[in-house]
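Quick notes on the structure that follows.
On a predicted model such as this, the values are computed, not experimentally measured, just so you know. Letters go in sequence order (proteins before strands), and every chain restarts at 1.
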Amino acid sequence: MPELPEVETTLRGIEPAIVQQVISHFTVRQASLRWPVTVGISELVEGQRITLVYRRAKYLIIQLERGSMLIHLGMSGSLRLVQPGAELRKHDHIEMQMSNGSVLRYHDPRRFGCWLWSETDHHQLSHLGPEPLSEDFDAQRLYQLSRKRKIAVKPYIMDNNTVVGVGNIYASEALFRAGIRPDRAAGNISLQRYTVLTGHIKEVLAAAIVQGGTTLRDFVNGKGEPGYFQQTLAVYGRGGEPCTVCGGSLKEIKLGQRSSVFCPRCQR
DNA sequence: ACACTAACCTGCAAGC
DNA sequence: TGCTTGCAGGTTAGTG
């Protein structure tokens, strides 16, 4: 489910309800996530105040007085604020209750996500590329890092070392808007074309955030509301359907075992 | 260093 | 109707 816009939407939904609050109860019902939930996490975090909640790449970080919690939603995770005592759903793995009555629930059917506590740095956050919406991410970087590389441009921009937060949906959409075939070798793309692509990556992510993310299957923000960006998708999930620009049939291929849809006429 | 694959896990839709 | 197959938003560990 979540790419960067969905994680950002989640952050904005939950942050006001939990920041500066004290964690009164922390419950783990299923500790078997991508990495096991930190042993003894409840005792480590209960009684602590949340000082800061922020996002880095697709991770959410909840900073405590002592240590911090690192949360990832994987492919199918979601975080929701619920009423205390709200009925438990299948795959509601973790619950965090605040002293002001707010209750945050972590739901993740596929369990590819994580929820970890560390007193120091989280190693997952080292070696991450720049945030896509920051000035540190620019065409020069895309161009220079790609010289002599044979990797297809789509997996190249989805690599967290290149830039974080560009997943399958928005990589597909940005390449379509930029008119670049997803299977073109990254090392053969000019600085000019990377300039266009960089602009579209930033645009498509920013637009998706404004619209509350893309709702596929059951994505909802922290308040349980859907996103609306899927109405804007031009290629993702539309293999075989007509191109919104030229009317030709959209082609679907596999790149790095991810399905990639593009218009053979508009994208070169 | 780079390119590529398999793996983690459940749910759902399509096909037979 | 019911079974099987394939596919899904991400990331990492391992191979050559």
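- Note: NE2 (A/His123) to P (C/dT11) measures 14 Å, nearest angstrom.
- When the side-chain nitrogen and oxygen atoms of A/Asn168 are compared with OP1 and OP2 of C/dA8, none of them lie within a distance under 4.0 Å.
- Side-chain atoms of A/Arg111 stay outside donor-acceptor range of the base of B/dT10, with no qualifying N/O pair under 3.5 Å.
- Listed pair A/Lys148 / B/dC2 fails the phosphate criterion, with no side-chain N or O lying under 4.0 Å from OP1 or OP2.
- Note on A/Arg149: only backbone sugar-phosphate atoms sit closer than 4.0 angstrom, heavy atoms only; bases stay farther off.
- For the side chain to side chain contact (heavy atoms under 4.5 Å, CB included) with A/Met69, the qualifying choice from A/Leu116, A/Ile94, A/Leu64 is A/Leu64, the only one to do so.
- Using a 4.0 Å heavy-atom distance criterion, A/Asp108 is classed as making no nucleic acid contact.
- In the set B/dG11, B/dA3, C/dG10, B/dG11 carries the atom at the smallest distance from any side-chain atom of A/His91.
- When the C1' atom of C/dT11 is taken as reference, atom CG of A/Leu73 falls 13 Å away, rounded to whole Å.
- Taking atom OH on A/Tyr236 and atom C1' on C/dA8, their separation rounds to 6 Å, with Å as the unit.
- One hydrophobic cluster, built from ILVMFWY side chains closer than 4.5 Å, holds both A/Val45 and A/Met96.
- A close approach under 4.0 Å does not occur between any side-chain nitrogen or oxygen of A/Arg34 and OP1 or OP2 of C/dT11.
- When the side-chain nitrogen and oxygen atoms of A/Ser76 are compared with OP1 and OP2 of C/dA8, none of them lie within a distance under 4.0 Å.
- Distances shown here put a side-chain N or O of A/Lys254 below 4.0 Å from the OP1 or OP2 atom of C/dA8.
- Using a 4.0 Å cut-off, some side-chain N or O of A/Lys58 falls inside it from OP1 or OP2 of C/dG10.
- For the pair A/Lys154 NZ and B/dA3 P, the computed distance is 16 Å after rounding to whole Å.
- If you run side chain to side chain contact (heavy atoms under 4.5 Å, CB included) between A/Met98 and each of A/Val22, A/Leu104, A/Ile50, A/Leu81, only A/Ile50 comes through.
- In this structure, A/Phe112 does not pack face-to-face on the six-membered ring of C/dT11, missing the 5.5 Å centre cutoff or the 30° plane limit.
- Taking atom CD1 on A/Ile169 and atom C1' on C/dG9, their separation rounds to 5 Å, with Å as the unit.
- Here the side chain of A/Arg258 is nearest to one of B/dG11, C/dA8, C/dG9, namely C/dG9.
- Among the heavy atoms of the strands, none lies under 4.0 Å from A/Ser32.
- For an aromatic pair to be called close, the ring centres must be under 6.0 Å apart, and A/Phe26 with A/Trp115 satisfies this.
- With P as the reference atom, C/dG9 and B/dA3 are 22 Å apart, rounded to whole Å.
- A/Tyr106 places its OH atom 12 Å from the C1' atom of B/dC9, with the value rounded to the nearest Å.
- Straight-line distance from the CH2 atom of A/Trp115 to the C1' atom of C/dT11: 19 Å, rounded to whole Å.
- With hydrogens and angles disregarded, no donor-acceptor distance shorter than 3.5 Å links the side chain of A/Lys251 to the backbone of A/Ser260.
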Please evaluate residues A/Glu173 and A/Arg177 with respect to the criterion salt bridge (charged side-chain N to carboxylate O under 4.0 Å, His left out), reporting the C-alpha separation (whole Å), side-chain torsions for both, the decisive distance (0.1 Å), and the verdict. CA-CA 6 Å; A/Glu173 296 300 313; A/Arg177 293 182 181 201; 5.2 Å; no
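- The pair A/Glu131-A/Arg55 meets the salt-bridge criterion, since a charged nitrogen lies less than 4.0 angstrom from a carboxylate oxygen.
- Taking the P atoms as reference points, B/dC12 lies 23 Å from C/dT11, given to the whole Å.
- Both A/Gly256 and A/Leu145 lie near DNA chain B, and the one whose nearest nucleotide falls closer to the 5' end is A/Leu145.
- Here, B/dT5 and C/dC7 have their P atoms 14 Å apart, quoted to the whole Å.
- A donor-acceptor contact under 3.5 angstrom links the side-chain atoms of A/Arg110 to the base of B/dC9.
- Backbone-only contact: A/Tyr59 has heavy atoms under 4.0 Å from sugar-phosphate atoms and none from a base.
- Using the Watson-Crick or G-U wobble rule with both distances under 3.5 Å, C/dT5 pairs with B/dA13.
- Rounded to whole Å, atom P of C/dC7 lies 12 Å from atom CD of A/Gln257.
- Comparing B/dA3, B/dA6, C/dG10 by their closest approach to the side chain of A/Ile151 singles out B/dA3.
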